[in-house]
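Beneath this line is the structure, given in structure tokens, with notes to follow.
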Amino acid sequence: MTRSQRLSDQQVSKKILLLGAPGSGKGTQGARLAHHLCVEHLAVGDLLRAEITSGSELGETIRSKVESGELVSDDLVLELISTRAAQMGEQGYILDGFPRSVVQAERGREVAELADAVPDVVIYLDVPEDVVVERLLARAAIEGRADDNEETVRNRMRVFRESTAPLLAHYEKQGKVRVVDAVGSPDEVTMEILHIVGMSDGK
Ligand code: AP5
């Protein structure tokens, strides 16, 4: 894996995938990067929670998966992404929470190629498991997110290790992975990512 190496001196990368364990900071960094790069932050977890909150029948199907920490179906997530692909290709994006498996990456690539939305870079937010569990249980006490209880957090970590972590090797073969030490403060992590994508001189 390539740690913190800048992508190019010529161009700012604006098609960015954020990969990382639950609680690694994808949502936090996604919002910050979207602001700095003037692109949309697309967080699949937020889209799924919005569907649950809407009270739709589909939302009820999604709820049971999200609240147990399992992945919702590939078809449903692909549908969510596909409806936004054209805009993502045109304006760039910070995509957080997709793909979560090699199968999703392969199916998503077909959609992305058609829309000129293939990612420039995959930022892997590297945080030890004990730190992310601590973060999520702290958030549970403040926000009460239904999947932030200890049992579900452990299951989310298992799903991450089994289904999502293999994506690193998948994207490494394409030379797209940059690893960021995401234990530092949110500001430090943002600076490091901006440096990688060519937006600032960073640290
Ligand atoms: P999702 O909402 O994406 O949850 P997640 O991946 O488990 O990630 P989190 O939102 O918990 O953490 P994060 O990495 O975004 O960190 P955050 O910035 O919030 O997905 C939820 C569920 O939806 C999945 O379990 C699954 O069921 C379903 N789903 C989603 N995508 C899917 C897909 N593609 N296919 C199928 N199913 C899918 O930070 C966490 C906490 O840490 C916050 O309190 C934050 O303030 C704090 N924090 C962040 N950065 C730092 C820092 N540097 N230092 C200290 N604290 C920090």
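Treat the numbers as computed from the prediction; the structure is a model and nothing was measured. Note that ligands are numbered from 1 as they come in the structure, with each ligand's atoms numbered from 1 the same way.
The protein atom (non-hydrogen) at minimum distance from atom 15 (O) of ligand 1 is Gly27 N, 2.8 Å. For atom 34 (N) of ligand 1, the closest non-hydrogen atom on the protein side is Gly97 O, 2.7 Å. Looking only at protein heavy atoms, the nearest one to atom 42 (O) of ligand 1 is Arg135 CD, 3.4 Å. Closest to atom 14 (O) of ligand 1 among all protein heavy atoms lies Lys26 NZ, 2.8 Å. When hydrogens are left out, the protein atom nearest atom 49 (C) of ligand 1 is Thr28 OG1, 3.3 Å; that is the closest non-hydrogen contact. In terms of protein heavy-atom proximity, atom 16 (O) of ligand 1 is closest to Gly25 N, 3.1 Å. Of the protein's non-hydrogen atoms, the one nearest atom 40 (C) of ligand 1 is Arg139 NH1, 3.6 Å.
In this structure, Ala43 has no heavy atom closer than 4.0 Å to ligand 1. For Ser185, the heavy-atom gap to ligand 1 drops under 4.0 angstrom. The closest approach between a heavy atom of Ala138 and any atom of ligand 1 is not below 4.0 Å. Heavy atoms of Gly23 approach ligand 1 to within less than 4.0 angstrom. Proximity of Arg49 to ligand 1 is established by a heavy-atom distance of less than 4.0 Å. Residue Arg145 places a heavy atom under 4.0 Å from ligand 1.
Residue-ligand proximity, Leu48 to ligand 1, at heavy-atom distances under 4.0 Å covers atoms 23 (O), 28 (C), 29 (N), 30 (C), 38 (C). Less than 4.0 angstrom separates some heavy atom of Val44 from each of these atoms of ligand 1: 31 (N), 32 (C).
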Per-pair distances, 0.1 Å, donor-acceptor, side chain in residues 162-171, under 3.5 Å, sequence neighbours excluded:
residue : atom : partner : partner atom : Å
Glu162  : OE1  : Arg158  : NH1          : 2.8
Thr164  : OG1  : Arg100  : O            : 2.9

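Considering Asn155, Val72, Val189 only, the shortest heavy-atom separation from atom 36 (C) of ligand 1 involves Val72. Of the candidates Arg100, Glu134, Gln29, Glu188, Arg100 brings a heavy atom nearest to atom 30 (C) of ligand 1. Of the options Glu70, Lys65, Arg32, the smallest heavy-atom separation from atom 27 (O) of ligand 1 is shown by Glu70. Proximity annotation for atom 25 (O) of ligand 1: of Gln104, Arg63, Arg156, Arg156 comes nearest, heavy atoms only.
Here's the thing with Gly184: one of its N/O atoms is less than 3.5 angstrom from an N/O atom of ligand 1.
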